[in-house]
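Just below is one structure, and these are the notes that go with it.
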Number of protein chains: 2
Amino acid sequence: MSNNPAEKPKQTQYSRSRQKHEARILQVAEEVFAQFGYNGATIDTIAERAGLSKQNMLYYFSSKHLLYQKVLENILGIWLDSMALLDQSGKDPASKLENYIRRKIELSRTRPNGSKVFATEIINGAPHLSEEIKTKLLSRFEEDVRLVESWISEGMMDPIEPKHLFFMIWSTTQTYADFSAQIEIILGKKKLTASDFEDATKLVSRVILKGTGLRR
Amino acid sequence: MSNNPAEKPKQTQYSRSRQKHEARILQVAEEVFAQFGYNGATIDTIAERAGLSKQNMLYYFSSKHLLYQKVLENILGIWLDSMALLDQSGKDPASKLENYIRRKIELSRTRPNGSKVFATEIINGAPHLSEEIKTKLLSRFEEDVRLVESWISEGMMDPIEPKHLFFMIWSTTQTYADFSAQIEIILGKKKLTASDFEDATKLVSRVILKGTGLRR
DNA sequence: AAGCCGTTTAACCATTTGGTAAAAAATGCT
DNA sequence: AGCATTTTTTACCAAATGGTTAAACGGCTT
C-alpha cells in the first residue's frame, strides 16, 4: 500500500489534478474577492469562473470563509517575504530602500488582486485577520524599523520617524494596485502598462530617497 | 397656502425633523458602509444604528442603492473642494503644497469613514461612480496638474511627473484613514490621536517637499 | 473484471435580505 | 375640533445565497 517511501505527499494522479483545481480556484477567488469584496463575492460566481459547479467547488473548499482565509494567507505570505527585504541584499541604505520600493511596486503590478483583498480587509477593520498573523507581521516589521533607526543614528539619513516612513512607502506603492481604477482614469488608459509602473518606481524612489536625505 | 415668500424650502416642522433624520441616517450609513462594504452593509443594520425600524428608514431613503449614492456624493463633494485647494491661498509653492497635505490628512482624521467608502468604491473598480462625477473630478484635478507644471517650468521644483506626485500625496494622506486599523496595530494604540496625525503631517510634508526640491 | 476511492452532480433547504402594500398613528393647519 | 398630510408600524414576500445529503460517476489498482 506504499511503494514510494521517499516522497512525502504521495503524488498520485488524483492529488495532481486536485492541486491544479485548488490553484485555479484560489486564483479566481482572489479576483472575485478583489472585485466584489467578501460579502459581494458569491461562491457561485467563483465556481462559475473557475469552470466548476458550486457543489463541486465546495468539495475542494468546504466553505466560503475557508476559501477566503486561504486567499488571505497566500498573499500575506508573499507580503511577509517582501517585507524582510530590507535587511537582505547587502549594499548601502539608499539601494536597499530603493530595492524595497521597487519590489513593492512590482508586487502591485503582478498581484493587484491580492493587494486589493488585503486592502479591503484592513479598511473593514481586519475582521478576518488572526492574532497570530498580526503578531508575525508586526515582529517582522519591527526588524525593519530597527534597521532604519540604526541608519538614522549613524547619521546616514535624516532623523524621521521610521514607522511613518514605512506607512508612506506602503501606501505609495500599494496605491498602484488598490487604486488602479482611479489612476487609469487619470492617465487615460484602460490598463496600466509596464512603463507606467516604471515611472512610478522612479518617482517614488526619487522623492523618498531625496526626501529622507539618502543619496546613492 | 404660503405665507413665507422669502424662504425657499418652506421649513415646516415636518421638514425640519426630516432633515435631522436624513442627516443622522447618512452619517450612520457612512459608518456602516465603511465597516462592511456595500454588500456587507444591510439596511437593517443602518436603520437599527440610526434608531429607526427598517421600513421607516426606507421611508426616508427608498432603497439601499440610493442611500449609498447619497453617501458617496457627500464625500465626493468634500473631496472636490479639498482638491481645488492648490490654487487657493496665495503664498509660495512650498506652503501651498504643505497646506494641501495638511488638509488632506485633516480630512482623513475628521471623515475617515467617508474616505473608506470612497476607497472601497475605487478598489472595486468604481462600479457606482457616474461618468459625470468622474469627469468633474478629472477636470478639477487637471487644474492642479497645470499649476505644478508651471512651478516646474519656472524652476521652482524638481522636474517630476506631476500626476504621480499627486498619486503619492493622495495615498500617503488617505492611508491614515483607510488603513487606520493597520496603523493602530503598529503604533500600539486603540485609536489614532490628534498628535499622531500631527506627526504624520509633519513627516509627509517634510519628505514630499524636500523630495521634490521645494523649500520654504 | 471488480471493487475502491476520489470526484461530480442532483435535489433540497433554511436564512437572510431588499423591498412592497396597506393600515394605524402622529402631527400640523384652518 | 376636524381634516389632511406626514410619519411609523404591521404583515408579507420573492429572490439570492451558503450550505447539506446522498446518489451517481469514473478511473486506477489488483
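Quick note on labels: first sequence line is chain A, next is B, and so on, each numbered from 1.
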For a quick test of reading the model: is some side-chain N or O of R18(B) closer than 4.0 Å to OP1 or OP2 of dT6(D)? no
Using only side-chain N and O atoms of Y60(A), determine if any of them is under 4.0 Å from OP1 or OP2 of dG6(C). no
Whole-Å distance separating the [atom1] atom of [X] from the [atom2] atom of [N]:
X      : N       : atom1 : atom2 : value
L66(B) : dG18(C) : CG    : C1'   : 14 Å
N39(B) : dA16(D) : CG    : C1'   : 12 Å
D44(A) : dT17(D) : CG    : P     : 7 Å
E48(A) : dT17(D) : CD    : P     : 12 Å
Q19(B) : dT7(D)  : CD    : C1'   : 16 Å
K20(A) : dT8(C)  : NZ    : P     : 13 Å
L58(B) : dT8(D)  : CG    : P     : 13 Å
E22(B) : dT6(D)  : CD    : C1'   : 13 Å

Taking only the side-chain heavy atoms of [X] (C-beta and beyond), determine which of [options] contains the nearest atom.
X      : options                   : value
K54(B) : dG19(C), dT8(C), dG18(D)  : dG19(C)
N56(B) : dG18(D), dT8(D), dG18(C)  : dT8(D)
Y59(B) : dT6(D), dG18(D), dT8(C)   : dT6(D)
Q55(B) : dA11(D), dT20(D), dT17(D) : dA11(D)
H21(B) : dC12(D), dT20(D), dT8(D)  : dT8(D)
S53(B) : dT9(D), dG19(D), dT17(C)  : dT9(D)

Looking at CG of L97(B) and CG of L147(B), how far apart are the two atoms once the value is rounded to the nearest 0.5 Å? 9.5 Å
Specify the residue among G40(A) and S62(A) whose closest nucleotide of DNA chain D lies further upstream toward the 5′ end. G40(A)
When we call it a touch if two heavy atoms are under 4.0 Å apart, what does [X] touch: a base, just sugar-phosphate, or nothing?
X      : value
A41(B) : sugar-phosphate
F61(A) : nothing
H65(A) : nothing

Within the side chain of R140(B), is there an N or O that forms a donor-acceptor pair under 3.5 Å with the backbone of L80(B)? yes
Is the ring centre of H164(A) less than 6.0 Å from the ring centre of F167(A)? yes
Within 45° cone of Y38(B) ring axis and under 6.0 Å: K64(B) NZ or CZ: yes
The single option from Y60(A), F61(A), Y59(A) that satisfies ring-ring contact (aromatic ring centres under 6.0 Å, His included) with H21(A) is Y60(A)
